[in-house]
Number of protein chains: 2
Amino acid sequence: MEIGNLHIDIEKVSHKTMADEVETKLLEYLKRKSFKPGDALPKEMELTAALGVSRNVLREALSRLRMLGLIETKKRRGMVLSSPDILGSMERVMDPLIIDDTTLQDIFELRLTLEMGLADILFLRKTKKDIEELEKIALQEKATRTKQNFRIKHEVDFHGKIYQMTGNRTLQRFQNMLLPIFGHLVNEEKVPIGGKVSHLDLVNLLKTGTREQFRQGMREHLEHHFQKLKK
Amino acid sequence: MEIGNLHIDIEKVSHKTMADEVETKLLEYLKRKSFKPGDALPKEMELTAALGVSRNVLREALSRLRMLGLIETKKRRGMVLSSPDILGSMERVMDPLIIDDTTLQDIFELRLTLEMGLADILFLRKTKKDIEELEKIALQEKATRTKQNFRIKHEVDFHGKIYQMTGNRTLQRFQNMLLPIFGHLVNEEKVPIGGKVSHLDLVNLLKTGTREQFRQGMREHLEHHFQKLKK
DNA sequence: AATTTTAATATGTAGGACATAAGTATTTAA
DNA sequence: TTAAATACTTATGTCCTACATATTAAAATT
C-alpha cells in the first residue's frame, strides 16, 4: 500500500490551547443562541462546569471576549453581552513595524481605494460649513508650505477632514488608524506633495464641480501614489 | 467658589481591571522597545515580577495578545513577537445581530465606498483570464436568474470575484466579512437586482471600457443602494 | 562521535483561598 | 409602619501553589 500524501491523510495536530477552544465555543454559543446586547450570560462557575475546564482557562477566554467589547462584566451582576467595538482590536495592532510587508502594502491600497470611493458619500453629505473649514485648512497649508515638518500634518488634517465630512464615524476611525501605515510607507519620499491637483483645487471642485470631476481631481492628487503600485 | 463642570474636574473612576492595564502596558512595551517579529519576549515570571501582578492576571492579558496574533508561545522556548492578523479579531465579532445599528449602517457605506474605489486597482491588475472567469459567473447567473434563492449567491460570487481580481488579500478578506452585514441590511428588499447596469454590462465595461466608464457603470449598478443613504 | 538518557525549564491547566463590589434580606430606630 | 442602618449573600477579581507537558540542554552510554 502506498503512503501517498501524508498531510492530507493525517490531520495536523492541533496546537490549540484550551483557552482557544473555549473562546471558539463561547463565540459559537453566543451567536447560535442569538443573544442580543444586554442579555445576561451564564456565570463563570456554570460555564466552567458546562465546558469542563478550570476557571483559569475560562477566564483567559472571557478576557478575550472582554477585549473585543463583546461582553461586559460587573461584580455580583455577572456578565452581559454588549455591542462589540469592531475596530478596537484592530487599532491595537496597527503598527507599521509589526505588520508584515504584504499586509502593509494591502493597507496602502485599501486606503487609496477608499479615497477614490469617497466622492459619492461626500457629495451626498457635504455642507457649506464643512467646505469652509476644509478651505481654511488648505489655505493655512499654502501659507506655511515651505516648512517640511508641517507637510505631513497638513496632509493628515486635510484628508482627515474629508473623512469627517462623510459623517461616517467608522470610516473616520478606520482612516485614522490607516494613517500611521500610510505615513510609514511614504515618509522617505521627497515627492513634492500634490502633483497637478492641490488641496485647494480639491476644495474648489467640491464647491463648484461635479462628483465625477472631484473624483478625477482626487485621482490626480493621488497620482504619484498610484504610480507606485505594482501590477 | 463655583463647582463648575464636575466631570471635567473629576476624573472618571477607572473601571479598568488589572488585566486591562497589563494589556495596555504590554502593548506599549512592545512598541516602545520596537520589537520585531521573531524577537523573544521576557518570560512570564519575569513579567509578573516587573509588573507586580499575579501570573493569572498576566496570562489573561497575554491571552488577548495571543488572540490578536501578536505573540506566539511555545513551551520551554517562551514567547516571540509575531505579525498580527489585523482582520482576525474583527472577523470574530462580525455578526449583524450583535453590532449596533449605527455601525451597521457605517459598514454598509464603507462597502459602497470600497466598491466605488475599486476601479483604479482593478484596471491596473485585471487579466484576460480573470475577466473570462467573471464573465462565466455573470452568464451562469443569467441562466438561472429566475430562482430567487440563487440571486444572493450570484451577487456574492460576482462581487467576490471582483475583489479577488484586485490581488489584494486583505481587501478580499475585508469584503468577505462585510458580506453578512450587507446581506442582512438588504435581505428584505425585493428590488430587482442590477437596475440599469447588469453584471454582464460590468464585465463588458471591464473588457472594452475605460476606468471611468467602469466606475460609472458600477455606480449605476449600485444606484438603488445609494438611493437608500440618508443625508 | 553518535545516540540515548536524563535533567532542567517555561508554558499550560487545575483548584483553593480570599478580596471586593453590589444586590438582598434583616434588624434597628424614629 | 416606614426609613435607615446592618448583616448576609453572591459573582467577579486577584493571588498562590502544585503539577502536567513539551522541548531544549546536558549528561551518559555505546
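The analysis underlying the following values was restricted to heavy atoms, covering all of them including side chains, and did not include hydrogens, waters or symmetry mates. In what follows, chains carry the letters A, B, and so on, assigned in the order in which the sequence lines appear, proteins first and then strands, with residues in each chain numbered from 1. From a predicted model like this one, the values you see are computed outputs, not experimental measurements.
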* Please test A/F182 against A/E155 for side-chain contact (heavy atoms from CB on, under 4.5 Å), starting from the C-alpha separation and ending with a verdict. => CA-CA 11 Å; A/F182 210 77; A/E155 249 334 86; 6.0 Å; no
* To do: Could you walk me through whether B/L178 and B/M94 pass side-chain contact (heavy atoms from CB on, under 4.5 Å), step by step?
  => CA-CA 8 Å; B/L178 263 41; B/M94 266 300 170; 4.2 Å; yes
* **side-chain contact (heavy atoms from CB on, under 4.5 Å) assessment of B/L229 paired with B/F108** => CA-CA 9 Å; B/L229 294 192; B/F108 184 81; 4.0 Å; yes
* side-chain contact (heavy atoms from CB on, under 4.5 Å) assessment of B/F226 paired with B/M116 -> CA-CA 11 Å; B/F226 275 106; B/M116 288 306 298; 3.7 Å; yes
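Distances shorter than 4.0 Å separate some side-chain N or O of B/T17 from OP1 or OP2 on D/dT14.
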* Asked: Can you give the dot-bracket line for DNA chain C, where a pair is Watson-Crick or G-U wobble with both atom distances under 3.5 Å, crossing pairs use [ ], and | marks a partner on another strand?
  -> ||||||||||||||||||||||||||||||
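The existence of a salt bridge linking B/E115 and B/R111 is confirmed by a sub-4.0 Å separation between a basic side-chain nitrogen and an acidic carboxylate oxygen. A salt bridge links A/R125 with B/E109: the closest approach of a Lys/Arg side-chain nitrogen to an acidic carboxylate oxygen falls below 4.0 angstrom.
In this structure, the side chains of B/E44 and B/T73 stay at 4.5 Å or more apart for every pair of heavy atoms. Contact annotation: the side chain of B/Q175 never approaches that of B/L114 to less than 4.5 Å [non-hydrogen atoms, C-beta and beyond].
Without hydrogens or angle criteria, B/T166 side chain to B/I162 main chain gives no donor-acceptor distance under 3.5 Å.
Residues from residues 38-47 of chain B placing a heavy atom under 4.0 Å of any atom in DNA chain C, listed by number, are B/K43, B/E44. Contacts with DNA chain D (heavy atom under 4.0 Å) in residues 50-58 of chain B: B/V53, B/S54, B/R55, B/N56, B/V57, listed by number. Within residues 61-71 of chain B, the residues having any heavy atom closer than 4.0 Å to DNA chain C are, in order of number, B/R66.
Listed by chain and number, the residues in a side-chain contact (heavy atoms from CB on, under 4.5 Å) with A/D130 are A/T127, A/E133, A/K161, A/Q164, A/M165 (sequence neighbours excluded). Under the rule for a side-chain hydrogen bond (donor to acceptor under 3.5 Å, both in side chains), the partners of A/Q227 that lie at least two apart in sequence or sit in another chain are A/E223. Applying the side-chain hydrogen bond (donor to acceptor under 3.5 Å, both in side chains) test to B/T170 and every residue at least two apart in sequence or in another chain returns A/D106. For B/R169, there are no side-chain hydrogen bond (donor to acceptor under 3.5 Å, both in side chains) partners, not counting sequence neighbours. In terms of the salt bridge (charged side-chain N to carboxylate O under 4.0 Å, His left out) criterion, B/E72 has no residue partners (sequence neighbours excluded).
The stretch residues 73-90 of chain A participates, sequence neighbours left out, in these salt bridge (charged side-chain N to carboxylate O under 4.0 Å, His left out) pairs: A/D85-A/R173.
If you take CD1 on B/I99 and CD1 on B/I181, they are separated by 4.0 Å, rounding to the nearest 0.5 Å.
Looking at every heavy atom in both residues, B/H159 comes nearest to B/M218 through CE1-SD, 4.3 Å.
A nucleotide of DNA chain C counts as in contact with chain A when one of its atoms lies under 4.0 Å from a heavy atom; the first and last such, 5' to 3', are C/dG12 to C/dT24.
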When you compare the protein's N or O atoms with those of nucleotides 22-28 of chain D, which come within less than 3.5 Å of each other, and at what distance?
from: D/dT24; atom 1: O2; to: B/R76; atom 2: NH1; distance (Å): 2.9

